[in-house]
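Throughout, protein chains are lettered first and strands after them, A, B, ... in sequence-line order, and every chain is numbered starting at 1.
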There are 2 protein chains.
Amino acid sequence: MRELCLPVGLNEHEVQVLGDVVSHKRRIQRGGYLHRTGLKFQSLFAIRSGFLKTCVLEEDGRQQVTGFHMTGELLGLDAISTEVHTCDAVALEDSEVCEIPFEKLEEISRVIPSLMHHFHKIMSREIVRDHGVMLLLGSMKAEERLATFLLNLSRRFLMRGYSESDFYLRMTREEIGSYLGLKLETVSRAFSKLQDENIITVDNKHIQINDIARLRMKIGNTSCVT
Amino acid sequence: MRELCLPVGLNEHEVQVLGDVVSHKRRIQRGGYLHRTGLKFQSLFAIRSGFLKTCVLEEDGRQQVTGFHMTGELLGLDAISTEVHTCDAVALEDSEVCEIPFEKLEEISRVIPSLMHHFHKIMSREIVRDHGVMLLLGSMKAEERLATFLLNLSRRFLMRGYSESDFYLRMTREEIGSYLGLKLETVSRAFSKLQDENIITVDNKHIQINDIARLRMKIGNTSCVT
DNA sequence: TGCCTTGATTGATCTGAATCAAAGCCAATA
DNA sequence: TATTGGCTTTGATTCAGATCAATCAAGGCA
């Protein structure tokens, strides 16, 4: 329970109350769906372990990856508004989630104000994250996008106690491209370019960041001549 | 009060309670700031009248418009997570907002469950909206983006009782471009192209949609030969 | 072992949008 | 009435990334 994303600053009793609500666990195999677009919304999902992507579909079949999600993150927030899931959530590796019935969450957040406030912060953080992605998609060049993406992953791995400079990607070049608004070939070329500059080492999905400072400089420095 | 975005399905007494909280009104002149990035967060703002944009800034000065907002919409949701505003909100015409102290909103939403639930829906809707923009920025061509934008405005004007096919834009081509991830010249050309095809009539900021069906067809029909 | 599939890389070419540049159009102001 | 400045349109050129295409490596499997 304790490692879950919601409990912060709750006392023993409150954690107990919350624990009763989120008891139901679910396993999803690599490639499996946690939920699909159009499915009736009932619960949020807290990721206990694993790695998932969420993606929205256009009528004409094109799809856009809207996020990659790892341990401790909360999925399903988009579905509260319409009570129907507006995106697919697919496991990119075997994953485990806690199901959190939303009605119950609202009930107990009435009696645990700090839980309600924390939940609001989580929703708000998702909005801020999305604005960051909009900025990326709207005004960055391919290489800047990839640098931003890698630094974001790096930070999130670090926060979870993993190496910030040596990790394995769970997603394909195509999925990265979809998330970053690029074609897979462009993603591949951007990886190669960063490798040529000795900023990273790429071995398929295995990424090593050799010079995180220079990777950071890649963002927002288009004016600098190379 | 009644026209405000929050109250739905509340009884007289509840509307009264809420009214006590959102009493404080504020006027912002065209060009004025409702809030700026970095400002301490205290309140959400419900737009009573007018038209605003929100935009985020990069360190290097580039800015991205993250949304255009009109009567009945709620601003400031992004600031809940960090308790600091993460974007600027600028009035594009003289506007009037209600200030809603967030702490008080959380307090009363404990006693009015339907209000809490409605608030959650609003936050969730913002997330869904952002995903839509991500899709647009990540995978649409210039003309599709503009068509999507116009149809979105059209729908929102209609919902507010205005004409869906004849309206004035409050923002410049540059602001539209920033929102859509395009340069202003590209926006202008896309307008001209749609006009040449007799789908819309453009007279500077005055837009008339002559054939809304064909405008809709512009979205996701890149495969069709013109 | 050889055959297939899937994902990644790399090269060549094409194209949509950016960039650079020049006018035009108002509305506000002198 | 002339002038200024902000906004828009349009044209010419350039370029980043898309597209098309070939090759390669790593499994999976008959």
ask   = With a distance cut-off below 6.0 Å to the six-membered ring centre and an angular limit of 45° from the axis, does B:R173 pair with B:F191 as a cation-pi contact?
value = yes
message = Please give me the minimum heavy-atom distance between B:V97 and B:L34, naming the atom from each residue.
response = CG2-CD1, 3.8 Å
ask   = In terms of ring plane angle, is the pair B:H206 and B:Y168 parallel, tilted or perpendicular, where the classes change at 30° and 60°?
value = parallel
message = For a quick check of understanding: with a heavy-atom distance under 4.0 Å over all strands, which category does B:G177 fall into, base, sugar-phosphate or nothing?
response = nothing
query = Quick one: A:R30 CZ to D:dG28 P, roughly how many Å, whole number?
reply = 10 Å
task = Mind calculating the distance between CE (B:M140) and P (C:dA17) to the nearest angstrom?
result = 13 Å
message = In this structure, how many angstroms lie between the P atom of C:dA17 and the CG atom of B:L146, rounded?
response = 12 Å
message = A:E197 vs A:K193, test: salt bridge (charged side-chain N to carboxylate O under 4.0 Å, His left out). Steps then yes/no.
response = CA-CA 6 Å; A:E197 298 178 55; A:K193 176 114 188 294; 3.5 Å; yes
key: Nucleotide D:dC15, atom P - distance to NZ of B:K183 in whole Å   = 16 Å
key: Length of the CG-P vector between B:L137 and C:dA17, whole Å   = 13 Å
B:K141 NZ to D:dA16 C1', straight-line distance once rounded to whole Å = 14 Å
inquiry  = Taking A:D78's backbone N and O only, do any of them form a donor-acceptor pair with B:S124's side chain (distance below 3.5 Å, no angle check)?
reply    = yes
ask   = When the distance from NE2 of A:H206 to P of D:dA26 is rounded to whole Å, what number comes out?
value = 15 Å
message = Angle between ring planes, A:H120 versus B:F119, binned at 30° and 60°: parallel, tilted or perpendicular?
response = perpendicular
Write out a two-atom table: protein N or O, nucleotide N or O from nucleotides 6-10 of chain C, distance below 3.5 Å.
from	atom 1	to	atom 2	distance (Å)
C:dA8	OP1	A:K205	NZ	3.4
C:dA8	OP2	A:R173	N	2.9
C:dT9	OP1	A:R173	NH2	3.2
C:dT9	OP2	A:R173	NE	2.8
C:dT9	OP2	A:R173	NH2	3.4
C:dT9	OP2	A:S188	OG	2.9
C:dT9	O5'	A:S188	OG	3.3
C:dT10	OP2	A:S192	OG	2.6

remark   = Taken to the nearest whole Å, NZ/B:K193 to C1'/D:dT8 is 19 Å
